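Working notes, structure below.
Bear in mind that the values here come from a model prediction, so they are computed numbers and not experimental data.
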Amino acid sequence: MHTQFSVPDADGYYGEFGGAYIPEMLFQNVEQLRTQYRLIMEEESFQKEFNALLKDYVGRPTPLFHAKRLSEKYATTILLKREDLCHTGAHKINNTVGQVLLAQRLGKKRIIAETGAGQHGVATATVCALKGLECIVYMGEKDMQRQEPNVARMRMLGATVIPATSGSKTLKDATNEAIRDWINNPVDTHYIIGSVVGPHPYPDMVARFQSIISKEIQDQLLNEYGVDKPTRVMACVGGGSNAAGAFYHFLDDSEVEIVAVEAAGHGVHSGMSAATTQLGVTGVLHGSKSIVMQTSDGQVVEPHSISAGLDYPGIGPLHAHLFNSGRGIFINATDEEAMKAAFEISQLEGIIPALETAHAFAVLNDMKFDPSDITVICLSGRGDKDLSTYMAELKKQVDHE
Ligand SMILES: *Cc1c(COP(=O)(O)O)cnc(C)c1O
């Protein structure tokens with residue numbers, strides 16, 4: 001029996017979730033990736049270049065910071081894994097560096113990606129510029145209007161941003177456009193997916209690239225605190241890549257508690273939520289079987305979260321399995337709770353977090369901590385990109401006074 005949580009079986013299944021549900025026309029592309037990704041990732045020259053870029057370009061290892069005032073508030077030890085200090089402001093670049101190096105070794109000259117808020121698009125455009133690769137980013141027309149600064153960043157980095165003008169003109173329409181492009185350009189193009197979602201081997205491949213986060217946590221705990229594991233690791237979950245990276249090396253050690261925080265939007269049962277495990281059913285979304293928010297006749301439900309990165313109607317198959325098996329604890333935080341937590345972390349620790357990340361902090365009030373516990377929270381990104389949302393909140397606070 002397959003008992004490991006961190007890696008899927010040969011067909012890409014974590015328990016009952018995963019696999020590759022793709023149109024015939026994509027088979028060649030995905031098959032090439034499936035047969036090659038492990039071999040390439042294990043090559044010495046790949047490892048060498050990947051690790052060198054993580055160190056000198058991304059800025060790794062990121063610190064494991066003892067948040068003393070936050071720890072004091074909960075009478076315990078809380079450590080923050082500072083992915084917000086990565087180049088481009090979040091964990092996403094760990095994966096794009098890895099996939100760009102892999103694409104080069106597959107002989108690809110052209111990179112495509114889809115993006116919602118633009119964070120994955122910016123990370124992809126960044127590494128393509130570094131490597132001199134053509135970069136095309138598909139983005140919903142509506143998202144392009146909502147996320148103008150990120151569209152400008154991508155263009156400044158030399159990427160072509162193509163608006164997706166069908167459907168709701170948001171992320172899922174951009175994903176459809178990217179898939180269409182890949183079908184039409186199977187030989188020279190690599191499609192970089194930005195989270196632990198999509199058909200096998202993407203979830204496993206992205207989790208491996210992001211697993212550097214928990215590898216560093218392990219080393220830092222040992223060197224700085226003299227322990228080989230934390231009591232628990234917490235992270236927010238959109239598709240689940242920062243969480244997968246932060247959990248990875250602890251998943252198969254049942255002594256480490258795994259806490260995943262989803263976005264409840266206006267409330268789990270408000271009809272405006274993205275708490276996938278609470279609202280979803282087993283279904284197929286973007287090429288893999290997972291837990292999906294959909295109606296009884298299979299229509300994907302439009303999710304809602306104040307944070308664009310968590311505004312997704314599914315979760316990666318790894319997380320669906322963690323939820324279903326009980327290995328992971330899944331809780332959620334509303335828009336309002338996340339906003340409050342963002343201000344609290346800013347004022348307790350002098351760190352303005354991304355709105356996505358703020359969800360992981362918003363649940364601390366509901367948790368029980370032992371004084372001897374060591375809790376690691378993945379601080380997935382910085383709040384610069386959310387400043388206009390924070391400014392609107394500040395204005396509301398001033399108007400109230
Ligand atoms: C994109 C993003 C997320 C959500 O994506 P995951 O794949 O679930 O990690 C979380 N935090 C930040 C800062 C992001 O940019």
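Judged as a ring-ring contact (aromatic ring centres under 6.0 Å, His included), the pairs with a partner in residues 77-135 (not counting sequence neighbours) are, in order, Tyr57-His87.
A donor-acceptor contact shorter than 3.5 Å is absent between the side chain of Ser307 and the backbone of Gly309. Formation of a donor-acceptor pair under 3.5 Å by the Arg208 side chain with backbone atoms of Met41 is not found in this model. Between the side chain of Asp386 and the main chain of Leu355, a donor-acceptor pair closer than 3.5 Å is present. Although no hydrogens or angles enter the test, the distance criterion places a donor-acceptor pair under 3.5 Å between the side chain of Ser214 and the main chain of Gly245. Of the possible polar contacts, none joining the Asp143 side chain to the Thr170 backbone as a donor-acceptor pair under 3.5 Å is found. Judged purely by atom type and a 3.5 angstrom limit, Asp9 uses its side chain to pair as donor or acceptor with the backbone of Tyr13. Panel note: side chain His359, backbone Ala338; no donor-acceptor pair is recorded below 3.5 Å. The closest donor-acceptor contact from the side chain of Asp204 to the backbone of Val196 lies at 3.5 Å or more, if one exists at all.
Residues Glu393 and Phe343 have side chains in contact (heavy-atom distance under 4.5 Å, counting atoms from C-beta outward). Counting heavy atoms from C-beta outward, Leu54 and Ile212 have side chains that approach closer than 4.5 Å. Side chains of Val197 and Tyr202 form no contact here, defined as non-hydrogen atoms less than 4.5 Å apart. Proximity of Ile351 to Asp84: side-chain heavy atoms (C-beta onward) are separated by under 4.5 Å at one or more points. Using a 4.5 Å cut-off on side-chain heavy atoms (C-beta onward), Leu251 and Leu318 make contact. For the pair Val292 and Val284, the minimum side-chain heavy-atom distance is 4.5 Å or more. The shortest side-chain heavy-atom distance between His200 and Arg34 falls under the 4.5 Å cut-off. Counting heavy atoms from C-beta on, the side chains of Ile93 and Thr126 come closer than 4.5 Å.
Look at Glu356 and Lys385 and you find a salt bridge, because one of the NZ, NE, NH1 or NH2 atoms lies within 4.0 Å of a carboxylate O, short of that distance. Using a cut-off of 4.0 Å between Lys/Arg side-chain N and Asp/Glu carboxylate O, Glu255 and Lys229 are scored as salt-bridged. Between Lys92 and Glu83 there is no salt bridge, since no side-chain N of the basic residue sits under 4.0 Å from a carboxylate O of the acidic one. Using a 4.0 Å cut-off between charged side-chain N and carboxylate O, Lys396 and Asp399 make no salt bridge. The existence of a salt bridge linking Arg69 and Glu72 is excluded, since no basic side-chain nitrogen approaches an acidic carboxylate oxygen closer than 4.0 Å. A salt bridge is absent between Glu337 and Lys340: the closest approach of a Lys/Arg side-chain nitrogen to an acidic carboxylate oxygen does not fall below 4.0 angstrom.
With rounding to the nearest 0.5 angstrom, the OG atom of Ser71 is 6.5 Å from the CG atom of Leu79. Once rounded to the nearest 0.5 Å, the distance linking CG of Leu171 with CE of Met139 reads 9.5 Å. Considering CD of Glu344 and CZ of Phe361, their distance stands at 9.5 Å, rounded to 0.5 Å. Rounding to the nearest 0.5 Å places CD1 of Ile179 at 6.0 Å from CG of Asn176. From Leu70, atom CG reaches atom CG of Leu364 across 6.0 Å, with rounding to the nearest 0.5 Å. To the nearest 0.5 Å, atom NZ of residue Lys142 and atom OG1 of residue Thr165 are 14.0 Å apart.
Side-chain polar atoms of Glu16 and Asn324 form a donor-acceptor pair below 3.5 angstrom. With hydrogens and angles left out, the side-chain atoms of Thr357 and Ser380 include a donor and acceptor closer than 3.5 Å. Between the side chains of Asp297 and Thr295, at least one donor N or O sits under 3.5 Å from an acceptor N or O. Residues Thr76 and Asp370 have side chains that never bring a donor and an acceptor to within less than 3.5 angstrom of each other. Gln218 and Asp228 form no side-chain donor-acceptor contact under 3.5 Å, judged by distance and modelled atom types alone. Ser288 and Ser290 form no side-chain donor-acceptor contact under 3.5 Å, judged by distance and modelled atom types alone. No side-chain donor-acceptor contact under 3.5 Å links Asn51 and Arg60. Using modelled atom types and a 3.5 Å distance limit, the side chains of Asn95 and Gln210 yield no donor-acceptor pair. Side-chain contact check for His286 and Tyr312: at least one donor-acceptor pair (N or O, by modelled atom type) lies under 3.5 Å. A donor and an acceptor atom, one from each side chain of Lys81 and Thr62, are located under 3.5 Å apart.
Residues Val233 and Pro230 share a closest heavy-atom pair of CG2-CG, 3.7 Å. Nearest approach of His321 to Phe17, heavy atoms of both residues: N-CD1, 3.6 Å. The two atoms that bring Leu379 and Pro353 nearest to each other are CD2-CB, 4.3 Å, heavy atoms only. Scanning all heavy atoms of the two residues, the minimum distance from Tyr14 to Val7 falls at CE2-C, 3.9 Å. Shown here for Ala264 and Ser273, the closest heavy-atom pair between the two residues is O-OG, 3.1 Å. Here the shortest heavy-atom pairing between Ser241 and Val206 reads CB-CG1, 4.1 Å.
Taking the six-membered ring for Trp and the full ring otherwise, Phe209 and Phe50 have centroids separated by under 6.0 Å.
The 12-atom threshold is not exceeded at CD of Glu44, counting heavy atoms of other residues, nucleotides or ligands nearer than 6.0 Å. For Tyr225, the OH atom is densely surrounded, since the number of other residues' heavy atoms within 6.0 Å is greater than 12. Counting non-hydrogen atoms of other residues, nucleotides and ligands closer than 6.0 Å to CD1 of Ile374 gives a total above 12. Open room surrounds NE2 on His269; 12 or fewer heavy atoms of other groups in view lie less than 6.0 Å from it.
A side-chain hydrogen bond (donor to acceptor under 3.5 Å, both in side chains) with His190 is found for one member of Gln99, Lys108, Lys109 and no other, namely Gln99.
Under the salt bridge (Lys or Arg N to Asp or Glu O under 4.0 Å) criterion, Asp188 pairs with no residue, sequence neighbours left out. For the ring-ring contact (aromatic ring centres under 6.0 Å, His included) test, no residue two or more places apart in sequence or in another chain qualifies with His249. With sequence neighbours excluded, the residues satisfying side-chain hydrogen bond (donor to acceptor under 3.5 Å, both in side chains) with Glu114 are Tyr191.
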Under 3.5 Å, sequence neighbours excluded: what are the donor-acceptor pairs made by side chains of residues 256-263?
from: Glu257; atom 1: OE2; to: Arg232; atom 2: NE; distance (Å): 3.0
from: Glu262; atom 1: OE1; to: Thr277; atom 2: N; distance (Å): 3.3
from: Glu262; atom 1: OE1; to: Thr277; atom 2: OG1; distance (Å): 2.5
from: Glu262; atom 1: OE2; to: Thr276; atom 2: N; distance (Å): 3.3
from: Glu262; atom 1: OE2; to: Thr277; atom 2: N; distance (Å): 3.1

Residues 128-138 side chain polar contacts: donor-acceptor under 3.5 Å, at least two apart:
from: Lys131; atom 1: NZ; to: Glu49; atom 2: OE2; distance (Å): 2.5
from: Tyr138; atom 1: OH; to: Asp181; atom 2: OD2; distance (Å): 2.6

**OP:** Start with the C-alpha distance between Trp182 and Val30, add both sets of side-chain angles, then the distance that settles side-chain contact (heavy atoms from CB on, under 4.5 Å), and finish with yes or no.
**Re:** CA-CA 10 Å; Trp182 207 23; Val30 175; 4.0 Å; yes
